[in-house]
Amino acid sequence: MNFLSVDNIAFTVLGYPLSYVELIGTLLYLWSVWLIAQRQMLTWPIGIVSVFLYMLLFYQIQLYADAIEQIYYLGASVYGWWLWSRTAQAVNNPDDDTQRVFYSSARTIVMVLVGTLVLSALTGYLISQAHVLLPAVFTAPAAVPYLDSLTTIMSFTAMLMMAQKRTESWIYWIVVDVIGIGLYYARDVRFISLLYVILLVLAIRGFIGWNRSARRQAAPAAVNPASSSA
């Protein structure tokens, strides 16, 4: 049996068979999250390994949008690794101006939301037809293609907004985590569902912290309208 097959079970927890690919991928992902909170360069190679494992896992359980999503995370991890290696001093300086966070304007928030919904609908349709368009690759119909695509596009959007220090990115992550808890539990990968419970707690804490900082930083911007964010 393939070591990374979802049928290769490491052990059973409360009647739930936990595969090696799910166990190792989740543990490495949690480790990478802890490392990035500590601003350690090791977060990137650890994250890349977890991305590959999740790609295999999602493909095997027919969550194709999530499998494709890992390609994006792989690219983002390689870019992050390269960028941190070039700007290590700035990354480790908590007083650097790049640490400032803010809310987007109402117009930008609406535009991003509409764009996210439209792209999610288009992606959901394509994923729902994947087994027809590429039967040699996608051997079975996608499970919940539209909901799966929504969380994928929202995750892409949240990562972009977070890179730009936009506080509303945490709201996107909170929604993604809530959906993920139910989605992965229904798809019988409950270890990842539990992971999303942990991520939800972190996202809520992240939003509270960024919201507090954004409001505090908005006071000088209100005095000087020229410094307002887009």
For Asn2, does its backbone N or O pair with a side-chain atom of Ser5 as donor and acceptor, under 3.5 Å? no

Within the 4.5 Å heavy-atom criterion, are Trp173 and Ser155 side-chain neighbours or not? yes

Measuring only between side-chain heavy atoms, which start at C-beta, is Ile181 closer than 4.5 Å to Leu194? no

Are Val6 and Glu22 close enough that some pair of their side-chain heavy atoms sits under 4.5 Å apart? no

Do the side chains of Leu122 and Val132 join up, straight or via other hydrophobic residues, at under 4.5 Å, putting them in one cluster? no

Quick check: do Glu168 and Val112 have side-chain heavy atoms less than 4.5 Å from each other? no

For the OG1 atom of Thr151 and the CG atom of Asp148, what is their distance to the nearest 0.5 Å? 5.0 Å

Would a 4.5 Å heavy-atom cut-off, applied to side chains only, mark Tyr172 and Leu113 as touching? yes

What is the distance from atom CG of Asn8 to atom CG of Leu18, rounded to the nearest 0.5 Å? 11.0 Å

When clusters are formed by joining ILVMFWY residues with side-chain heavy atoms under 4.5 Å apart, either directly or through shared neighbours, do Tyr196 and Ile198 land in the same one? yes

From CA spacing to verdict: ring-ring contact (aromatic ring centres under 6.0 Å, His included), Tyr29, Tyr73: CA-CA 12 Å; Tyr29 180 71; Tyr73 291 142; 8.3 Å; no

Can you hop from Ile208 to Val197 via hydrophobic side chains spaced under 4.5 Å? yes

Over 12 non-hydrogen atoms of neighbours within 6.0 angstrom of CZ in Phe156: yes

Aromatic ring centroids of Phe3 and Tyr20 under 6.0 Å? yes

Taking atom types as modelled and ignoring hydrogens, do the side chains of Tyr103 and Asn211 form a donor-acceptor contact shorter than 3.5 angstrom? yes

Going from CG on Leu183 to CG on Leu147, what distance comes out if it is rounded to the nearest 0.5 angstrom? 5.5 Å

What do the steps show when you test Tyr64 against Leu126 for side-chain contact (heavy atoms from CB on, under 4.5 Å), and what is the final call? CA-CA 11 Å; Tyr64 298 138; Leu126 291 175; over 6 Å; no

Which distance, rounded to the nearest 0.5 Å, do you find between the OG1 of Thr167 and the CH2 of Trp170? 10.5 Å

Once rounded to the nearest 0.5 Å, what's the spacing between atom OG of Ser120 and atom CD1 of Ile153? 5.0 Å

Result block: side-chain N/O donor-acceptor pairs under 3.5 angstrom for residues 199-207, not counting sequence neighbours:
none

Give a yes-or-no answer on whether the side chains of Ser149 and Thr152 include a donor-acceptor pair shorter than 3.5 Å. no

Quick one: side-chain hydrogen bond (donor to acceptor under 3.5 Å, both in side chains) partners of Thr157, sequence neighbours excluded? Thr116

Show every donor-acceptor pair shorter than 3.5 Å between a side-chain atom in residues 46-56 and any protein atom, with sequence neighbours excluded, or say none if there are none.
residue: Ser50; atom: OG; partner: Gly47; partner atom: O; Å: 2.7
residue: Tyr54; atom: OH; partner: Thr26; partner atom: OG1; Å: 3.1

Establish whether Tyr125 and Met154 are linked, either directly or via other cluster members, by ILVMFWY side-chain heavy-atom contacts under 4.5 Å. no

Spell out, as yes or no, whether a donor-acceptor pair under 3.5 Å connects the side chain of Gln60 to the backbone of Leu4. yes

Quick check: are there more than 12 heavy atoms from other residues, nucleotides or ligands sitting under 6.0 Å from OH of Tyr59? yes

Could you pull out the closest heavy-atom pair between Ala158 and Ser169, with the gap in Å? O-CB, 3.6 Å

Do Val178 and Tyr185 share a hydrophobic cluster, counting only Ile, Leu, Val, Met, Phe, Trp and Tyr and linking them when any side-chain heavy atoms are less than 4.5 Å apart? no

